[in-house]
Amino acid sequence: MRHPTIIKIDISVNVKSEPVKGTTVQIGELSRRTQTPTRLLRYYEEQGLLVPDRLPNGYRDYDDEDENRVRQVRGLLEAGVSTRVIGQIIPCLAPRGLLVPYACAETYAALVEQRDRLNNKINDLTRHRDAIDDYLHDVRSSELPVSP
DNA sequence: TTTCTTACA
DNA sequence: TGTAAGGA
């Protein structure tokens, strides 16, 4: 068993209030609670990432699970995971969750790739940062004054 | 007032 | 993603 049993994903993004158990809200309220534009909430639904109930008048009716899901989706999106992969991950997410059971082989592979992409990006950013740092150091070392 | 769908910048 | 149109 080489693979980790679980992969922990940080979704601590835009956490303003804890979901209130047993209540449902319409899109406007969910938007405020999750700091997510209604436009995006509808988009996530279009991508199958969210499947809210519908009120008799056709309005979307979101429950606690949906609110939690929005946070998870936002967190994964922030980590650069595509909506397509998020679609795969969702059924693997724990209720409260940030845990992806190792059982999701495809998801595991997709996340490995994403992790590699992030590593590459981090390496590039690090080089850029160091280059700027070197330049700044040279400027300070020179006799010439820094022009305003 | 709020939300809905569709469509375009 | 944002925003507008035209309804309920």
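Letters go in sequence order (proteins before strands), and every chain restarts at 1.
For DNA chain C, the stems formed by at least three consecutive Watson-Crick or G-U pairs, with both atom-pair distances below 3.5 Å, span B:4-9 with C:1-6.
The backbone N or O of A:Asp64 lies less than 3.5 Å from no partner atom in the side chain of A:Asn68, so there is not a single donor-acceptor pair. With hydrogens and angles ignored, the 3.5 Å screen pairs no side-chain donor or acceptor of A:Glu67 with any backbone N or O of A:Val25.
With 3.5 Å as the limit, one finds no donor-acceptor pair spanning the side chains of A:Thr24 and A:Asp63.
Ion pairing of A:Arg33 with A:Glu29 is present here, as a side-chain N (NZ or NE/NH1/NH2) and a carboxylate O approach within less than 4.0 Å. Between A:Arg69 and A:Glu65 there is no salt bridge, since no side-chain nitrogen of the basic residue lies less than 4.0 Å from a carboxylate oxygen of the acidic one.
Legend: residues meeting salt bridge (Lys or Arg N to Asp or Glu O under 4.0 Å) with A:Arg129, ordered by chain and number and at least two apart, are absent.
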I'd like to compare against my own output: the B/S/- annotation of nucleotides 2-9 of chain B with a strict under-4.0 Å heavy-atom distance to protein. BBSB-B--

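Listed here is the closest heavy atom pair of A:Tyr62 and A:Gln26: CD1-C, 4.0 Å.
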